[in-house]
Amino acid sequence: MSVLVYIEHAEGKVKKTSLEAVSFANALAAKTGEGDVVALALGAIDQAELAAVGKAGAAKVLQVSDSRLDAGVIQAHATAVAQAFEKAGASTVVLAKSSLGDAVAARLSIKIKAGLVSNVVELPNTDGGYLVKRSIYTGKAFAETSLTTANKILAVKKNAVDLKTDGGDAAVEALEVSIPDSDFASKIVSTERATGEVLLPEADIVVSGGRGMKGPENWGMIEDLAKTLGAATGCSKPVSDMGWRPHHEHVGQTGVKVAPSLYIAIGISGAIQHLAGVNSSKCIVVINKDPEAPFFKAADYGIVGDAFEVVPKLNEALKAE
Ligand code: FAD
């Protein structure tokens with residue numbers, strides 16, 4: 001028996017969310033007695049990266065080095081995971097909740113006849129059943145779902161589990177899979193980054209500006225701070241509506257949902273529609289000159305002050321670190 005983890009990587013680097021999925025699987029296997037955690041890496045992956053998979057709690061990594069699997073071919077990935085599932089003798093697949101993860105999990109659930117729960121926030125309650133808690137309504141509520149199938153798929157929400165870093169070295173084993181050509185019928189032929197160095201939906205740190213920044217000409221200080229922190233830049237909806245920033249940077253209920261370790265909101269009031277896109281962040285820092293700004297209620301740290309004074313000083317202090 002084992003728990004299988006589907007690993008996502010970008011340009012050969014394992015995503016942190018996948019390491020969280022491995023950590024979750026490790027704790028799950030310890031709880032349910034499902035044996036070892038076996039990770040599945042598809043396509044070209046940096047070998048040094050696999051060490052982190054072991055540290056996160058995988059005993060073994062199955063690697064399929066077929067370069068056709070690099071480009072996020074969803075159907076082919078689902079087929080490969082289904083075959084690895086058989087090979088590993090698993091009854092549970094754990095993966096990170098993401099657009100690719102959800103797409104693969106949906107197809108996989110049909111192939112291996114598994115119940116699927118996405119946005120999982122904690123280990124299942126197995127006292128007399130299998131109850132899975134998941135986040136719903138953009139993090140405002142939780143639902144408990146009962147899984148009754150023998151095979152199960154759990155897609156873990158970003159930042160829901162602590163990353164394990166004290167695991168051992170995972171044994172790496174090549175896996176042969178047989179994927180029909182029809183699984184490659186549609187594939188991504190090119191991708192283009194819409195913005196800067198760090199992609200907003202996956203960023204670990206986000207620096208976001210609102211109407212309090214007064215105009216697009218003042219965004220230099222947001223970008224400088226983002227550069228210092230290796231962060232992506234975001235904004236509130238009115239900012240993108242007014243054309244101060246591109247629409248793909250708009251964060252919130254009607255924009256991008258982010259779940260970084262650190263979200264810095266500058267000159268944003270904290271309307272409920274904005275919060276809906278950021279409330280999965282691990283730590284929220286708010287900079288606003290109005291001490292009554294609603295965002296302070298959702299903040300872990302707040303600075304009451306004029307952004308035009310605070311942000312350059314903060315940036316200088318961080319650069320001096
Ligand atoms: P404001 O509300 O104008 O706030 C500006 C803030 O800047 C204030 O708190 C002010 O105190 C502060 N400030 C001003 N000057 C300074 C300074 N010098 N230094 C520091 N602070 C300063 N909004 C989103 O962001 N995302 C969404 O997805 C979204 N979806 C929506 C969907 C619907 C159906 C509706 C009706 C609205 C939606 N909105 C969304 C809009 C939302 O309701 C708010 O109007 C919007 O978030 C406010 O943007 P803001 O905080 O930048 O501007």
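Atoms within each ligand, like the ligands themselves, are counted from 1 in listed order.
Contact annotation for atom 34 (C) of ligand 1: protein absent (non-hydrogen atoms, distance under 4.0 Å).
The side-chain heavy atoms of Leu225 and Ile266, taken from C-beta on, include a pair separated by under 4.5 Å. Side-chain contact between Leu154 and Leu28 is present, with heavy atoms from C-beta onward closer than 4.5 Å. Between Thr92 and Leu4 the shortest side-chain heavy-atom distance does not fall below 4.5 Å. Between Arg107 and Ile74, the closest side-chain pair of non-hydrogen atoms falls below 4.5 Å.
Gln273 OE1, 2.8 Å is the protein heavy atom nearest to atom 43 (O) of ligand 1. Among protein heavy atoms, atom 4 (O) of ligand 1 sits closest to Ser269 CB, 3.4 Å. In this structure, atom 18 (N) of ligand 1 lies nearest to the protein heavy atom Asp306 OD1, 3.0 Å. The protein heavy atom nearest to atom 30 (N) of ligand 1 is Thr254 OG1, 2.8 Å. The single protein non-hydrogen atom nearest to atom 8 (C) of ligand 1 is Asn288 ND2, 3.7 Å, given as residue, atom name and distance. Looking only at heavy atoms of the protein, atom 47 (O) of ligand 1 is closest to Ala271 CB, 3.8 Å. Among all protein heavy atoms, the one lying closest to atom 25 (O) of ligand 1 is His274 ND1, 2.8 Å. Looking only at protein heavy atoms, the nearest one to atom 7 (O) of ligand 1 is Gly267 O, 3.0 Å.
Under a hydrophobic-cluster definition in which Ile, Leu, Val, Met, Phe, Trp and Tyr are linked whenever side-chain heavy atoms come within less than 4.5 Å, directly or via other members, Leu95 and Leu69 are assigned to the same cluster.
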### Task
Dump the intermediate steps for side-chain hydrogen bond (donor to acceptor under 3.5 Å, both in side chains) on Asn151 and Ser91, then the final yes or no.
CA-CA 5 Å; Asn151 293 340; Ser91 54; 5.3 Å; no
### Message
Assess the residue pair Gln47 and Gln63 against the criterion (side-chain hydrogen bond (donor to acceptor under 3.5 Å, both in side chains)); give the C-alpha distance rounded to whole Å, side-chain angles, the decisive distance to 0.1 Å, and a yes or no.
### Response
CA-CA 10 Å; Gln47 291 301 300; Gln63 195 173 11; 3.2 Å; yes
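Residue Pro238 places a heavy atom less than 4.0 Å from ligand 1. Look at Lys214 and you'll find a heavy atom under 4.0 Å from some atom of ligand 1. No heavy atom of Ala276 sits closer than 4.0 Å to any atom of ligand 1.
In Phe308, the part holding a heavy atom less than 4.0 Å from any atom of ligand 1 is the side chain. The backbone of Val251, and not its side chain, has at least one atom closer than 4.0 Å to an atom of ligand 1 (non-hydrogen atoms only; backbone = N, CA, C, O). Both the backbone and the side chain of Ser236 come within 4.0 Å of ligand 1, counting heavy atoms alone.
Counting the atoms of ligand 1 from 1 in the order shown, those under 4.0 Å from a heavy atom of Asp290 are 11 (O). Distances below 4.0 Å separate heavy atoms of Gly305 from the following atoms of ligand 1: 19 (N), 20 (C). Contact atoms of ligand 1 toward Gly210: 52 (O) (distance under 4.0 Å to a heavy atom of the residue). Every atom of ligand 1 is numbered from 1 in the order shown, and the set under 4.0 Å from a heavy atom of Gly255 is 28 (O).
Thr254 and Gln273 share no donor-acceptor pair across their side chains, judged by distance under 3.5 Å alone. No hydrogens or angles considered: nothing links the side chains of Ser2 and Asp36 as a donor-acceptor pair under 3.5 Å. For the residue pair Ser98 / Glu8, a side-chain donor-acceptor distance below 3.5 Å is found, with atom types taken as modelled. Looking at Lys158 and Ser280, their side chains never bring a donor and an acceptor atom within 3.5 Å of each other.
Using cut-offs of 30° and 60° on the angle between ring planes, the pair Tyr263 and His274 is tilted.
By heavy-atom distance, the residue among Lys237, Lys289, Gln253 lying nearest atom 40 (C) of ligand 1 is Lys237.
Open room surrounds CG on Asp169; 12 or fewer heavy atoms of other groups in view lie less than 6.0 Å from it.
Taking only nitrogen or oxygen atoms, main chain and side chain alike, Ala307 reaches within less than 3.5 Å of ligand 1.
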